[in-house]
Amino acid sequence: MNPQCARCGKIVYPTEKVSCLDKNWHKGCFHCEVCKMTLNMKNYKGYDKKPYCNAHYPKTSFTIVADTPENLRLRQQSELQSQVRRDL
């Protein structure tokens, strides 16, 4: 039995099948989630089992915890506690 396309749900025949990201796709259905650019095995990037082009691949951005007054107070408090432990 032929598998179903991950995008449209129709049957995918071997001549038009792209197997990628643990799913089966029609060649025309294997496109970027954002811009709909048709992708192939050489130019796709997978994220969360969905295909993306290089331009729309979700970037993981890291945030920096700023020295807020609360964080400064906690740091000072922990330094004071560590000094007390050394004195005991």
Side-chain angles (χ1 to χ4, degrees):
M1 184 172 163
N2 292 316
Q4 290 184 331
C5 176
R7 177 91 52 205
C8 69
K10 295 179 182 175
I11 293 175
V12 181
Y13 295 100
T15 56
E16 57 185 356
K17 183 167 79 171
V18 176
S19 293
C20 192
L21 304 170
D22 298 330
K23 299 177 182 179
N24 295 298
W25 314 76
H26 292 108
K27 289 178 185 176
C29 291
F30 190 64
H31 56 73
C32 175
E33 289 286 312
V34 178
C35 68
K36 310 294 187 229
M37 180 177 91
T38 303
L39 302 169
N40 59 41
M41 298 301 286
K42 294 180 182 178
N43 68 355
Y44 86 96
K45 288 192 172 195
Y47 182 83
D48 201 22
K49 298 216 178 205
K50 295 179 183 175
Y52 291 90
C53 66
N54 194 37
H56 294 112
Y57 181 73
K59 311 264 188 299
T60 51
S61 58
F62 299 99
T63 58
I64 298 171
V65 177
D67 285 334
T68 61
E70 179 65 13
N71 287 342
L72 292 172
R73 186 189 66 76
L74 291 171
R75 185 184 312 143
Q76 289 171 348
Q77 184 177 358
S78 64
E79 287 172 3
L80 288 173
Q81 286 177 347
S82 63
Q83 288 174 358
V84 169
R85 289 184 188 144
R86 284 189 224 138
D87 293 341
L88 293 176

Members sharing Val34's hydrophobic cluster (side chains within less than 4.5 Å):
Tyr47, Tyr52, Tyr57

What pairs of residues pass the salt bridge (charged side-chain N to carboxylate O under 4.0 Å, His left out) test when at least one of them lies in residues 35-57, not counting sequence neighbours?
Asp22-Lys49

So do Asn43 and Cys53 actually touch side chain to side chain, heavy atoms under 4.5 Å?
no

Say you draw a straight line from SG of Cys35 to NE2 of His56; how long is it, rounded to the nearest 0.5 Å?
5.0 Å

Looking only at non-hydrogen atoms, find the nearest pair between Leu21 and Pro51 and report the distance.
CD1-N, 3.6 Å

Under the side chain to side chain contact (heavy atoms under 4.5 Å, CB included) test, residues paired with Gln76 that sit two or more places apart
none

Those residues that, when tested against Tyr44, pass ring pair (Phe, Tyr, Trp, His ring centres under 6.0 Å) (two or more places apart):
Phe30

Enumerate donor-acceptor pairs with a distance under 3.5 Å from any side-chain N or O in residues 5-20 to protein atoms, sequence neighbours excluded.
| from | atom 1 | to | atom 2 | distance (Å) |
| --- | --- | --- | --- | --- |
| Arg7 | NE | Cys29 | O | 3.0 |
| Arg7 | NH1 | Glu33 | OE2 | 2.7 |
| Arg7 | NH2 | His31 | O | 3.0 |
| Arg7 | NH2 | Glu33 | OE2 | 3.2 |
| Ser19 | OG | Asn24 | OD1 | 2.8 |

